Protein chains: 2
Amino acid sequence: MVELTRKQREMERRTLEILRVAKPILVREGFHALSMDRVAAAMEYAKGTIYNHFPHKEEIVLALAIESMALRRKLFLAAAALAAPNRVRLMAIGCACEYYTQHCSDDFAIEQWIRNVNVWDKSSAARQDLIRRCEGECMSIVSSVVHSGVVASELVLNHALTAEEFVFGFWAITFGSQILTASSPSLAAVGILDPRRAIRIHCCTLLNGYRWQPIMQTDEYLNRVDELSTSIQSEFDRVRAEHYTA
Amino acid sequence: MVELTRKQREMERRTLEILRVAKPILVREGFHALSMDRVAAAMEYAKGTIYNHFPHKEEIVLALAIESMALRRKLFLAAAALAAPNRVRLMAIGCACEYYTQHCSDDFAIEQWIRNVNVWDKSSAARQDLIRRCEGECMSIVSSVVHSGVVASELVLNHALTAEEFVFGFWAITFGSQILTASSPSLAAVGILDPRRAIRIHCCTLLNGYRWQPIMQTDEYLNRVDELSTSIQSEFDRVRAEHYTA
DNA sequence: TGAAAATTTTGACAACGCGTCAATAATTGA
DNA sequence: TCAATTATTGACGCGTTGTCAAAATTTTCA
């Protein structure tokens, strides 16, 4: 029994080592460059051994994405845990998104791979489930903040929109802008010089549009987000460091 | 001279034929399934001949994306040409996006491939330029509508935001929601049953947030978008049919 | 018209990656 | 100690990419 768990632990340790080897290859050189032969060579194992851990490289990508999404979730939790008005807590989650994209850019890049149909369809139901669950948890962290706002009567959501659908709008605008910023050929050329600032303004306007109290003017909002983003950064740094050492 | 152009025309005709063969493979079976051998076999040519037209399959993908984006541009133009208040014209462009995603889903799927770094980085500067130009044109169609709104004093954009940055917000939320809808593992499971409706509501609230006249209540807006979407559909169908026959 | 020159097409080929599996090595248990 | 179990190995079959010399076709021009 003890022997068995020791073997299992060794197995797990090597699984993690594979992920550590694979991550920089995937992020730095792309999916194409990530080959089982190369991972095996880097670890000085035979290819077959790698296949004992992962049935194909798509599964490695999903395993990496699960780690990345776990980090995102931790950042969301840290942001939502802020002792502040609900609207500010939502802003803090927005800061978490920005932080994640900027300071955990490898993880952000990895997250995108699972949207590739080839990768997704090939991977195991178990890992797909983990991804879905993590996505669901991220969603419920955010929607619980919205719920709190509704309960506190800072926000009125009429029959037209559920809290989750409300969150979906912010998810879409944040996600969309980050993908466009990362992958759209030269936003600057079409006149978008500071996409992050633009999106912050849109989010403020949208929150005001829904009359989420306290209403903030654009300039005030921008200042407060800047402050918030600075003050919460060390907490995010801590969460990130802990995630990477664990 | 005449001989030369005849040859050139034949060459071009075959280039188009390659694209016609490649498109369903890419859309239906993914990038992985699209191989030069297969295209060659389907056209009953040798592989080398295909390589005379495209240096690698990534270039085929970009060529397809250029066609797809051209269709998007035409739909945007048709929407913007509507004889209606500027805010309604912007709504019509939103309808064009929805139409494109739903009724030109192959093209929508193809557009996403160019966001893949491997595909983008491998392809020629000439085609990259075409893509960028088309993206820029789409942007300026939309931002010209916004400009008209500003000129007509229906909308006030303060120093905080340019028309392009204003458009970027709608681009991000529309694009983001469509990507999430297409690729996020089960939105329904996290409580988002009708993402399109949710995004329409968000767009309405955002426009109202910016006080773009005429202000519309959510229900009124939803009704008008529905009407608009129905009434403009035949025009979109026409544009689409013309695009595919040409 | 015909033959040489220019151009295009062809498919065999080398290189490489995937995933398998029989052979080999290491570990375990009695 | 040794048989049974388990893990590791890497050669192999298959498929894809991109190349290139040879073959086929077209053009040129006398």
Side-chain angles (χ1 to χ4, degrees), chain A residues 1-18 21-22 25-26 28-64 113 116-124 127, chain B residues 1-18 21-22 25-26 28-64 113 116-124 127:
Chain A
M1 192 61 177
V2 175
E3 291 300 282
L4 208 72
T5 54
R6 181 179 64 77
K7 288 209 110 183
Q8 284 178 334
R9 266 179 303 154
E10 274 177 14
M11 199 74 176
E12 185 143 338
R13 206 180 46 72
R14 201 165 49 189
T15 298
L16 292 175
E17 201 187 338
I18 291 173
V21 167
I25 299 178
L26 178 62
R28 233 57 71 193
E29 301 172 60
F31 185 70
H32 171 74
L34 178 63
S35 78
M36 292 305 224
D37 280 295
R38 190 165 161 192
V39 171
M43 292 182 62
E44 294 186 302
Y45 277 111
K47 188 167 39 165
T49 303
I50 311 299
Y51 275 95
N52 279 349
H53 293 261
F54 297 99
H56 35 65
K57 59 180 188 166
E58 284 80 3
E59 199 73 20
I60 296 182
V61 174
L62 238 73
L64 284 171
W113 279 109
N116 183 303
V117 190
N118 300 322
V119 173
W120 181 259
D121 286 352
K122 205 167 176 184
S123 52
S124 69
R127 284 211 167 81
Chain B
M1 191 60 178
V2 175
E3 291 299 283
L4 209 73
T5 54
R6 181 178 65 78
K7 287 210 109 181
Q8 283 178 334
R9 265 179 303 155
E10 274 178 13
M11 200 73 177
E12 186 143 335
R13 206 180 46 73
R14 201 165 49 189
T15 298
L16 292 176
E17 201 187 337
I18 292 173
V21 167
I25 300 177
L26 178 62
R28 234 57 72 195
E29 302 172 60
F31 185 70
H32 172 75
L34 177 63
S35 78
M36 293 305 225
D37 279 297
R38 193 166 159 191
V39 171
M43 294 183 60
E44 294 186 301
Y45 277 109
K47 186 168 40 165
T49 303
I50 311 299
Y51 275 96
N52 279 349
H53 293 260
F54 296 99
H56 35 65
K57 59 182 187 165
E58 285 80 3
E59 199 73 22
I60 296 182
V61 174
L62 238 74
L64 285 171
W113 279 109
N116 183 302
V117 191
N118 300 323
V119 173
W120 180 261
D121 286 352
K122 206 168 175 185
S123 52
S124 68
R127 283 210 168 81

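Sequence lines set the chain letters: A, B, ... in the order given, protein chains first and strands last, and positions in each chain run from 1. These numbers were taken from a predicted model, which means no experiment stands behind them.
None of A:E12, A:R14, A:E17 except one satisfies the side chain to side chain donor-acceptor pair (under 3.5 Å) rule with A:H53; the exception is A:R14.
Atom CD of residue A:E59 and atom CG of residue A:L64 lie 11.0 Å apart, to the nearest 0.5 angstrom.
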> Which letters describe nucleotides 9-21 of chain C, given B = protein heavy atom under 4.0 Å from base, S = only from sugar-phosphate, - = neither?
Replying inline: BBB-----SBBB-
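Side-chain N or O atoms of A:E58 include none that pairs as donor or acceptor with a backbone N or O of A:N118 at under 3.5 Å. For the pair B:K57 (side chain) and B:F31 (backbone), a donor-acceptor distance under 3.5 Å is present.
Seen from the ring of A:F54, A:R127 does not count as a face-on cation partner, given the 6.0 Å and 45° thresholds.
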